[in-house]
Number of protein chains: 2
Amino acid sequence: MKIPAPGKPVRGSQSGAPIMVLFDLLGRRWAMGIVWTLSEQGPCTFRELQEKCDNLSPTTLNTRIAELRAACLVDHDTTGYRVTLRGRELYKMLVPLGLWAKEWGKDLQGFPGAQT
Amino acid sequence: MKIPAPGKPVRGSQSGAPIMVLFDLLGRRWAMGIVWTLSEQGPCTFRELQEKCDNLSPTTLNTRIAELRAACLVDHDTTGYRVTLRGRELYKMLVPLGLWAKEWGKDLQGFPGAQT
DNA sequence: TTTCATTGCTATGAATATTGTAGCAGTCAC
DNA sequence: GTGACTGCTACAATATTCATAGCAATGAAA
């Protein structure tokens with residue numbers, strides 16, 4: 001699978017705009033979940049990560065890891081897989097999403113909702 | 001396709017944790033891009049939206065719209081499709097990602113990068 | 001009342017991504 | 001060597017996405 005890189009046209013966007021590249025990268029199965037999990041729970045092995053990510057298939061995990069490593073968001077050392085500094089920056093920006101999601105979830109309980 | 005809703009197990013997560021539900025919803029092709037585009041460029045018709053989203057297929061656009069409407073992030077009125085109040089909240093949290101992505105993109109130019 | 005353009009959207013088949021299961025090769029402690 | 005771990009790969013089934021064509025409804029103009 002093509003790995004998205006800023007400046008180059010990606011799946012679904014000819015512009016190469018960094019935000020669209022990022023959306024392409026993160027808009028793949030478990031991409032954000034992996035960054036989230038590694039950040040919240042610390043470094044872990046391939047199989048540990050697989051378990052924490054709801055036992056996603058090794059195929060997909062491996063693909064996702066390759067993409068996230070290419071994007072310098074995740075790396076690998078003796079402690080296992082872990083987020084990089086940049087990965088942690090990204091995580092920090094996802095935290096507000098986590099808080100917001102709780103409220104969103106509450107409101108959405110009383111489905112279907114009128115809104116605007 | 002199953003539409004993610006907070007509190008219920010979703011594709012890839014049995015926990016039903018709101019953040020995982022959100023990741024499931026947003027981790028689909030063009031989901032974040034649609035919220036971004038509608039927020040930045042204002043309401044537009046189905047076909048306009050399609051064009052702005054790099055001519056993604058109507059099938060996928062329609063599916064994504066249904067999911068985002070079910071999640072109360074997007075709705076539809078006489079002006080066309082647009083983000084809801086909650087959708088705008090989400091967008092505002094994505095804005096920092098856009099800024100960060102620019103830096104990330106710059107650094108990543110000199111691929112492959114050492115980091116941590 | 002018959003065009004005509006525009007609307008949202010569906011049908012279809014091919015291409016691509018993801019899943020689930022099994023298992024391999026390397027490393028390390030014993 | 002043996003066993004228990006490691007990171008992965010192979011393979012076939014399923015799910016998702018794409019690209020193209022086109023339909024039914026609406027509203028404006030002729």
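Note on naming: letters A, B, ... go to the chains in the order of the sequence lines (proteins, then strands), and numbering restarts at 1 for each one. Source: prediction; values computed, not measured. What's counted below: heavy atoms across the whole structure, side chains too, no hydrogens, waters or symmetry copies.
- Scored by the side chain to side chain donor-acceptor pair (under 3.5 Å) test, A:Y91 finds A:E40 as partners (sequence neighbours excluded).
- Distance B:L61 CG to D:dT16 C1': 15 Å, rounded to the nearest Å.
- Counting to the nearest Å, the C1' atom of D:dT17 and the CZ atom of A:R28 are 13 Å from each other.
- Rounding to whole angstrom units, CZ of residue A:R29 and P of C:dT19 are separated by 6 Å.
- Residues satisfying the side-chain contact (heavy atoms from CB on, under 4.5 Å) test with B:E89, not counting sequence neighbours, are A:W100, B:R86.
- Side-chain N/O atoms of B:N62 include one lying less than 4.0 angstrom from OP1 or OP2 on C:dT10.
- Atom pair B:N55:CG and D:dA19:C1' shows a separation of 11 Å (rounding to whole Å applied).
- Atom NE2 in B:H76 sits about 12 Å away from atom C1' in D:dT26, given to the nearest Å.
- The interatomic distance linking B:Y81 (OH) with C:dT7 (P) rounds to 12 Å, in whole Å.
- With respect to B:D75 and B:R82, a salt bridge is recorded, a charged nitrogen being found less than 4.0 Å from a carboxylate O.
- Considering only side-chain atoms of B:T60, the nucleotide from C:dT10, D:dT17, C:dT18 that sits closest is D:dT17.
- Within the 4.5 Å cutoff, no side-chain heavy atoms of A:M20 are placed close to those of A:D24.
- Applying the 4.0 Å criterion to OP1 and OP2 of C:dT18, one finds that A:R64 has a side-chain N or O inside that range.
- Ring geometry for B:Y81 versus B:H76: interplanar angle under 30°, hence parallel rather than tilted (30 to 60°).
- Five base pairs at each end of the helix from C:dT1-D:dA30 to C:dC30-D:dG1 define two local axes, and these are offset by 10° (rounded to 10°).
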Please set out all donor-acceptor pairs under 3.5 angstrom arising from side-chain atoms of residues 41-50 of chain B, sequence neighbours excluded.
{"unit_1": "B:Q41", "atom_1": "OE1", "unit_2": "B:K52", "atom_2": "NZ", "d": "3.0"}
{"unit_1": "B:T45", "atom_1": "OG1", "unit_2": "B:E48", "atom_2": "N", "d": "3.1"}
{"unit_1": "B:E48", "atom_1": "OE1", "unit_2": "B:T45", "atom_2": "N", "d": "2.8"}
{"unit_1": "B:Q50", "atom_1": "NE2", "unit_2": "B:L56", "atom_2": "O", "d": "3.1"}

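- In this structure, A:E48 places its CD atom 11 Å from C1' of D:dC5, rounding to the nearest Å.
- In this structure, A:T37 has no side chain to side chain donor-acceptor pair (under 3.5 Å) partners at least two apart in sequence or on a different chain.
- Remark: A:E103 engages A:K106 in a side chain to side chain donor-acceptor pair (under 3.5 Å) (not counting sequence neighbours).
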Between protein and nucleotides 21-30 of chain C, map the contacts as a letter string: B base, S sugar-phosphate only, - none, heavy atoms under 4.0 Å, written 5' to 3'. BB--------
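- Put simply, CZ on B:F46 is 17 Å from C1' on D:dT26, counting in whole angstrom units.
- Every residue two or more places apart in sequence or in another chain that forms a side chain to side chain donor-acceptor pair (under 3.5 Å) with A:T79 is listed here: A:D77.
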